[in-house]
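As structure tokens, the structure follows; a few thoughts come after it.
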2 protein chains.
Amino acid sequence: MVVRSRKGTGRTRRAGEAPLPRAVIERLARYHQITSRAGAAGQSYISSAELAELVGVDATMVRKDMASAEISGRPKVGYFIGDVISRLDQVLGLEQRKDAVLIGAGSLGSAIARYGGFGRFGLKISGVFDADYSRVGQSIGDHVILPMEKCKSVIQIFGVRIAVLTAPASAAQELADWLVGQGIRGIWNFAPVDLRVPAGVVVRNENLALGLAQFLHQLSKAEGAELRV
Amino acid sequence: MVVRSRKGTGRTRRAGEAPLPRAVIERLARYHQITSRAGAAGQSYISSAELAELVGVDATMVRKDMASAEISGRPKVGYFIGDVISRLDQVLGLEQRKDAVLIGAGSLGSAIARYGGFGRFGLKISGVFDADYSRVGQSIGDHVILPMEKCKSVIQIFGVRIAVLTAPASAAQELADWLVGQGIRGIWNFAPVDLRVPAGVVVRNENLALGLAQFLHQLSKAEGAELRV
DNA sequence: TAGATTGTTAATCGATTAACAATC
DNA sequence: TAGATTGTTAATCGATTAACAATC
């Protein structure tokens, strides 16, 4: 076995596959968004200064981030937007089309199912499921809500490896276990629970309550500062 | 003027008001969530080891975080859950009741308006508004959708300083400008746009597309690792 | 060419971890 | 008391910034 990584070294990968730190990835995703918008507005090049301004970081850091994504620009001109997007698509893993099932057709689930914007990232919702029979059969956007019993076969037929979990907190862990058993390898979790999954399964918690707590903290800090000045 | 902060020093505040780094705040919010749950389950004390395990960080870091929030525990016992929650409520600014207006009663806005869970953080939605007259008058949860024209007076009457912005991206900046003009000091923004606001106004972007991009990156990394092993 | 912008190396800063002392 | 757990200081590590060289 060649690939063997000791904690913290991260030196055991093929060239060009350096594991980028989370902070870098977050910024790359923002560059992607901004650059796409600039491209849609007709721009062909974008400078590190412009990106830095919009993201609120130092231009040097933008250039470093670009370097770590192996994107190079041209002195006096900037980065070619086509390059930036196609390379960031690769780095962020937005290229291949990916099927997903959505579990839980409550109000948040419906909002996500209806929102078409994720197609841009290659994410395709192949089926929307709910355990509540009173919801089954209703349509949300292009989808018809299916009973959980059908979920297993949809996962198999389409080879789905991603689940969007918008079920109630009380059911989330049990559903996650079941999904992993069916071959799901990534869960985009909107239930306010820290899911426990086996190693190798990726969970991203989109925890709105945490976001709100952070927002309120910023706010109370800002109000405090105001009172003091 | 006593309060004068030179960039980077952060040494010019009253004792006990050290500006906690964002990473610490994020963890504190998670401790808050976990501790609340443990309390609800009947536990009275929680150890740094338990928190560390659930959050996926080192126990030493939990203790340091607790220290920076001025929460102290008892050797051999752990942290008293009552202390943790009440102190974190203070630090995170979850104590006072805060009124908010919600702008944009589309599917995401409706999901948020319907979701009662934010009351726990002191956030109270005082009114739901939409510019689309076909939506006005419909009810979502406990709220009735009001026309934008009424928004101004609701802000004034209740002294609202927080807005939840779930309008389409195309309208978001204009709405933000208007809201700030009406006295709003904090915007919890769900539109996929980086809002520009005057200094002193707090914006938190809850950008699902960024979240998805990060999730997909993790996933592609994990799949890659799998193939290599 | 001169000037603007990228690219890179070195220095700084801050956050995390390790080691161990303090305490119930 | 012995043992478990918190609390704190010092060491390490990584990320950010500054300075400057390279290049179109």
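Worth saying up front: this structure is predicted, and the values here are computed from it rather than measured. Each chain gets a letter, A, B and so on, in the order the sequences are listed, and its residues count up from 1.
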Return whichever of A:Ser47 or B:Ala23 has its heavy-atom-nearest nucleotide of DNA chain C closer to the 5' end.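 It is A:Ser47 whose nearest nucleotide is closer to the 5' end.
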Quick one: does B:Asp65's side chain have a donor or acceptor within less than 3.5 Å of a partner on B:Ala69's backbone? no
Distance, rounded to the nearest Å, where [X] contributes [atom1] and [N] contributes [atom2]:
X       : N      : atom1 : atom2 : answer
A:Asp65 : C:dG7  : CG    : P     : 12 Å
B:Met61 : D:dA10 : CE    : C1'   : 16 Å
A:Lys64 : C:dG7  : NZ    : P     : 13 Å
B:Phe80 : D:dT5  : CZ    : P     : 18 Å
B:Arg22 : C:dA15 : CZ    : P     : 12 Å
B:Ile25 : C:dA15 : CD1   : P     : 12 Å
A:Ile46 : C:dT6  : CD1   : P     : 10 Å

With a cut-off of 6.0 Å (strictly less than), are more than 12 heavy atoms of other residues, nucleotides or ligands near CD of B:Glu174?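 No, not enclosed.
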Toward the 5' end of DNA chain D, which comes first, A:Arg74 or A:Asp58, by nearest nucleotide?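 Its nucleotide being nearer the 5' end, the pick is A:Asp58.
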Starting at the 5' end of DNA chain D, which residue's closest nucleotide do you reach first, A:Lys76 or B:Ile71?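 Per heavy-atom nearest nucleotide, the more 5' residue is B:Ile71.
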Whether A:Trp188 and B:Phe215 hold their rings parallel, tilted or perpendicular, with breakpoints at 30° and 60°: parallel
Is the B:Phe118 ring parallel, tilted or perpendicular to the B:Phe121 ring (thresholds 30°, 60°)? tilted
Using a 4.0 Å heavy-atom cut-off across all strands, classify B:Arg27 as base, sugar-phosphate, or nothing.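 Here B:Arg27 touches the backbone only, sparing every base.
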Quick one: look up who D:dA11 pairs with, Watson-Crick or G-U, both distances under 3.5 Å, and put none if it's unpaired.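 Result: C:dT16.
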Paired to C:dA22 by Watson-Crick or G-U wobble criteria (both distances under 3.5 Å) is D:dT5
Check this one for me: any side-chain N or O of [X] less than 4.0 Å away from OP1 or OP2 of [N]?
X       : N     : answer
B:Ser48 : D:dT5 : no
A:Tyr79 : C:dG7 : yes
A:Arg63 : C:dG7 : no

Nucleotide nearest B:Pro75 (side chain, heavy atoms from C-beta), chosen from D:dT6, D:dT16, D:dT23: D:dT6
Provide the closest heavy-atom pair for A:Ile81 versus A:Gly39 in the form atom of the first, atom of the second, distance.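 Result for this residue pair: CD1-N, 3.8 Å.
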